[in-house]
Structure formats: C-alpha cells, structure tokens
Amino acid sequence: MAREDINITPSDRGNMIRVGIIGGSGYTGLELMRILLSHPEVEITAVTSRRFAGRRLGDVFPHLMHLTDLKFEDVSLESISNRADIVFTAVPHTRAMEYVPEILRRGCRVIDLSADYRLNTRVYEKVYGVKHRDPGRRAVYGLCELHPDVRDADLVANPGCYPTGAILAAAPLVRAEVVDRVIFDAKSGISGAGAEPTNTSHFPNLAENIKPYRITTHRHHAEMTQELRELDPARIGFTPHVIPAIRGILTTAHILLRKPVEPDEVEAIFDGFYDDKPFVRVGGIPDLASVRGSNFCDIGFELEEGSDRLVVISAIDNLVKGASGQAVQNMNLMFGLDERMGLMVPGLFP
Ligand SMILES: NC(=O)c1ccc[n+]([C@@H]2O[C@H](COP(=O)([O-])OP(=O)(O)OC[C@H]3O[C@@H](n4cnc5c(N)ncnc54)[C@H](OP(=O)(O)O)[C@@H]3O)[C@@H](O)[C@H]2O)c1
C-alpha cells in the first residue's frame, strides 16, 4: 500500500456519530474506548459498568486518565439509547440478547461483540446450550471482508476472535474450490478469555506454558463451518491453545488440497480476494509482534514440496481485528465512512 493510500478523507456527515458502550470495563469495551477516543467522527456518550458506576474512567483505568471526563454508568437502555446512534454490546454471551431487542426498538443500531447473534437460533442453542431469548432475529455476520452488507445492517454480529483469524486464512481457497480439508491449529494470548481472572490465567499456570483446551469441541468451530460452508463441517478441524502472551492469535491452517496448485496460483487467489481489503496483508511469514495493537490480519503461506499440504498462517490481535477494531471497521461501513477511519495504525513493534 502506497503512502498516499492511507490518507483518509473525512466524511461530509456534519454530525458526530454518538456511541454508547455496554460493558465498558471489560477488555473489548476498554479497547473500543482506546480506539474510539481518537476517532475523528465519533463522540462517546455513554459507557456502562455495573461495578464501577459513578466513577471516572480514568480513575479506574489510569491508561485513560486525562483522555476523557466520562464516568461509568449503570445499564439503562432508555437513557443510553436516547444519547446514541449506535450501541456496542461488549458483554458475555447470553447477556447481549437481554439488551439488543430493546436498543433496536428504541431506534439505535447495534454491534454485538458477543456470540449471541452470530449463528442461527437452532445452531446457537445447540452449541451454547441455552434457549435464545430473541430467536430468529436477523443480523449480519460482521466479517466485512466476506460480508459487505454490514453497510445496511441495523444489527451486526461481530465475529469471534478465533474464527476471524481462521476464516480469513482459508476462505479465499475454500471459495476457489481447492480445499479438501482444513485443520486450524490456533494459539491465543490470554486476553481472549476476558478480564475475569481464572485458574488458566493465573501467572504460574500460564507463564512458560502452552495449554491446549477444548481440543476438538470449541464453540467457535460452528462459526468457522458457517462461514466456510462450501466444506462439510467434518472436513474442518480446530484446536485452540492458550500461550503466555497478552494479545494476539496466530493460526496455522493445515490445508489438504483437492488438486495440485502452484505458489503463484495461491498468491493470485489471495490477491484477487483481498485486493481491495485494506486490513488483510498477504505476504511474508506472519507473527504476533507485527499485528499487536493493530487492525491488520497478516497472512502468509508455504506449499509443502511433494505433498498435498498447503500451510497458511494468519496473525491478528484478538482485541483489535478479533474484536473491537473489527467492530469499529463495521461501524465505519454502517455510517458510510471510510472503513479505515480511526484504525490505520501499525502494530506495536517490537
Ligand atoms: N476478549 C476477546 O479477545 C474477545 C474477542 C472477541 C469477542 N469477545 C466477546 O466480547 C464480549 C466481551 O468480552 P470481554 O473479553 O471484553 O469480556 P470481559 O473482559 O469479561 O468484560 C465483560 C464486560 O461486560 C460487563 N458485564 C458483564 N455482565 C453484564 C451484564 N449482565 N450486563 C451488563 N454488563 C455486563 C462487565 O462489566 P460490569 O460487570 O462492571 O458491568 C464487563 O465490562 C464477550 O461476549 C466475548 O466472548 C471477546
């Protein structure tokens, strides 16, 4: 991308977009704050935290000190909806569906970062083992590289972090019908599990350690099969691991090919698919350090000589392209802005 390509033209909207955040004290809510505080066309009008209601954000989270005068507030859907054009729900799954119908009814658009609207109701209830409180509601799956119709959506279901890295690595090849089977081996930093401490996140258990979990049964498999629908679900494998890092997901996709391909064919497939997609960078060997803190998904690949295996690696920051950055990218599209606005920053290297 040339330097002049990162000049982003301001919109002629006139008004700022008024944003409310429900779940502002969690990792994705705080990441929304970090990104949106310097977004040129956004005014944050409400941020909730039940635990910290009434306290200034900067008093509770010093990295926000002197950057905002906002105070956390309790969840009042009426009050938040009156002050917002769009509300981000950055709360645990099963909680978002308690709020989303009412916010929409009050005329706000919603980007839900939880899993509540990513799958159809039947699949959701099976995978998450709960009854959906808002069954059948239509949402657009917010992986905008695959779903440009987020532009017209009132409700966007922001993708899961693992599915974002996995689907972006494999979708172009699956669509090009060269894939027989794919196995995603993914490693995630611990912030993927949210701000609540757990036995796994306890320092002595995590440091100098790598922990596989839900080896063949992780819920995010359902999103991967939904979005890579050309492949039978049984031909998509996924094994996640937690690594002693704070941010980032590195996914190694072992792709078993249906037919032989040459490296330049693979390159052409990726280039064709991501040509006009500013946050997917194809080339080189991706690593976490290059994307940490940024909205980029870096993708690289290598064909194994004399075999049917193509190895594709993707790297994202789970809190940015895997959550809040992607949510802001979707918001930009929903409000007719350049999708890069507020997001075009490099990773925190080193
Ligand atoms: N972490 C990631 O990398 C990541 C990536 C993609 C998607 N997600 C999804 O994004 C959502 C948020 O994740 P997170 O990691 O930010 O979680 P988190 O760190 O645990 O934060 C959860 C937030 O929700 C609030 N909350 C909890 N229950 C609530 C309720 N019933 N009503 C209102 N607010 C409530 C909490 O604040 P108070 O208790 O103070 O109100 C807190 O601000 C989850 O659904 C998660 O699966 C996370």
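Every heavy atom of this structure was used, including side-chain atoms; hydrogens, water molecules and symmetry mates were not. Throughout, residue positions are numbered sequentially from 1 according to the sequence presented. Both ligands and their constituent atoms are indexed starting at 1 by order of listing.
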Review point. Hey, is Asp85 close enough to Arg109 for a salt bridge, meaning N to O under 4.0 Å?
Key: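 Salt bridge between Asp85 and Arg109, a charged N being under 4.0 Å from a carboxylate O: no.
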**Study point:** Side chains of Asp185 and Thr239, donor plus acceptor under 3.5 Å
**Key:**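 There is no such pair between these side chains.
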Review point. Would you say the side chains of Arg95 and Ser114 form a donor-acceptor pair under 3.5 Å?
Key: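 Their side chains do not contain a donor-acceptor pair, so the 3.5 Å distance test is not met.
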Should the pair [X] and [Y] be assigned to parallel (<30°), tilted (30 to 60°) or perpendicular (>60°) ring geometry?
X	Y	value
Tyr213	Tyr162	tilted
Phe52	Phe72	tilted
His218	His220	tilted

Review point. Heavy atoms under 4.0 Å from ligand 1: which residues qualify?
Key: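 The 4.0 Å shell around ligand 1 contains Gly23, Gly24, Ser25, Gly26, Tyr27, Thr28, Ser49, Arg50, Arg51, Val75, Ala90, Val91, Pro92, His93, Arg95, Tyr99, Leu113, Ser114, Arg118, Cys161, Ser191, Gly192, Gly194, Ala195, Asn318, Leu319, Gly322, Ala323.
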